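Okay, structure first, notes after.
Note that the coordinates shown come from a computational prediction; the quantities given were computed from them, not determined experimentally. Each ligand, and each atom within it, is numbered from 1 in the order the structure gives.
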Amino acid sequence: MMQIDIVTAFPKLVASPLEESMLKRAQQKNLVHIRVHDLRDYTNDKHRQVDDYPYGGGAGMVLKPEPIFRCVEAIIEKYPSKRRKIIYLTPQGKLFNQKLANELSQWEHLIFICGHYKGVDERVIEHLVTDEISIGDYVLTGGELPALVVIDAVVRLIPGVLSDLESALTDSFQSGLLDYPYYTRPEEFRGWRVPEVLLSGNHQKIAEWRKAKALERTRQRRRDLLESYLSNNKQIKSDGGR
Ligand code: ADE
């Protein structure tokens, strides 16, 4: 079973998304075990202080190293032999994508350290963290929402989590293209009809239509993805169709 630990000064920020939908079911099925740790529980002072002013001055607060080290060391002591990554969420990190989600889903133990405001003392990053990850080129108030984004993308890839294994394999981005459009009942809504091909029952025609739509959208919206898709597929063809 995969073990995930979240280290945060704001445990309530991450609690409820873990208790709904896919993440809840994955835990109920014992495919993943997720624990949230409150950094304040790892302080030693009366005020349970987790942050402090930055040396050198300037605006904002920085998370102190001692509670983070103590918390992560307690977690590691509990799961000593696991193959693990210790991930710090930061805009300075490697940009998160589906490929990175696939890679992380192969590990036994993921520990997420959430910074807040200006982040964490650099010694945490230098001497504890194994990977720094950003979820995009924008600044959030803390690493809690990014940790949830990464955890959602990773946990749904664990075999058995999705009821229909197909649905992860056919996701947008696993194919390298954007997804095609979906419709459900009714056949006609306010005069707008579902494309006839989807009602035809002709599975080959439907597959062709979907592929064409996925290509068209990717060309219109994400030229960068289309280009890497086309060059990857060229390579597959010259490999002898593997
Ligand atoms: N913390 C603040 N902003 C972030 C981002 N874009 N990605 C990851 N962690 C963050």
Side-chain angles (χ1 to χ4, degrees), residues 2-18 20-23 32 34-43 49-72 75 84-107 109-158 171-174 178 221-222 224-225:
M2 184 189 269
Q3 171 71 30
I4 294 179
D5 290 275
I6 307 172
V7 175
T8 171
F10 296 86
K12 281 192 280 185
L13 259 181
V14 298
S16 72
L18 302 174
E20 301 284 345
S21 185
M22 176 278 298
L23 288 173
V32 62
I34 307 179
R35 295 190 311 165
V36 181
H37 306 268
D38 186 344
L39 268 182
R40 274 174 227 289
D41 295 340
Y42 295 86
T43 54
Q49 190 185 348
V50 294
D51 58 2
D52 207 337
Y53 297 100
Y55 275 119
M61 298 294 274
V62 178
L63 289 180
K64 294 163 67 59
E66 303 95 315
I68 299 178
F69 271 86
R70 252 185 240 122
C71 179
V72 170
I75 293 166
R84 80 170 70 81
K85 286 208 173 271
I86 303 176
I87 296 162
Y88 175 55
L89 288 313
T90 167
Q92 278 76 50
K94 178 173 176 183
L95 209 49
F96 188 61
N97 60 18
Q98 192 63 44
K99 179 162 170 277
L100 191 45
N102 289 336
E103 286 167 17
L104 292 178
S105 74
Q106 308 293 315
W107 288 77
H109 189 188
L110 302 178
I111 302 176
F112 291 89
I113 299 174
C114 306
H116 222 81
Y117 309 118
K118 290 296 169 194
V120 299
D121 186 287
E122 188 69 16
R123 289 165 289 191
V124 171
I125 298 167
E126 268 181 40
H127 303 293
L128 192 60
V129 164
T130 62
D131 295 77
E132 294 177 75
I133 295 178
S134 165
I135 64 159
D137 291 337
Y138 40 81
V139 177
L140 300 166
T141 313
E144 285 79 8
L145 297 176
L148 289 169
V149 165
V150 173
I151 290 167
D152 185 298
V154 167
V155 170
R156 62 198 298 287
L157 297 174
I158 298 171
D171 273 344
S172 159
F173 286 110
Q174 291 292 3
L178 297 184
R221 302 178 187 184
R222 292 292 304 274
D224 58 324
L225 280 183

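Looking only at side-chain heavy atoms (C-beta outward), P146 and I133 stay at 4.5 Å or farther from each other. Looking at heavy atoms from C-beta onward, D52 lies out of side-chain contact with V62 at the 4.5 angstrom threshold. Side-chain atoms of L104 and F96, non-hydrogen and from C-beta on, do get closer than 4.5 Å to each other.
Sequence neighbours left out, the pairs with a member in residues 133-147 that pass side chain to side chain donor-acceptor pair (under 3.5 Å) are T8-E144, H116-E144.
Only one option out of V14, D5, L13 pairs with V36 in a side chain to side chain contact (heavy atoms under 4.5 Å, CB included); it is V14.
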What does the N/O contact table under 3.5 Å look like for ligand 1?
from     : atom 1 : to   : atom 2 : distance (Å)
ligand 1 : 3 (N)  : L140 : N      : 3.0
ligand 1 : 6 (N)  : G136 : O      : 3.1
ligand 1 : 6 (N)  : Y138 : O      : 2.8
ligand 1 : 7 (N)  : I135 : N      : 3.0
ligand 1 : 9 (N)  : T90  : N      : 3.1

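In this structure, the side chain of T130 engages the main chain of I86 through a donor-acceptor pair within 3.5 Å.
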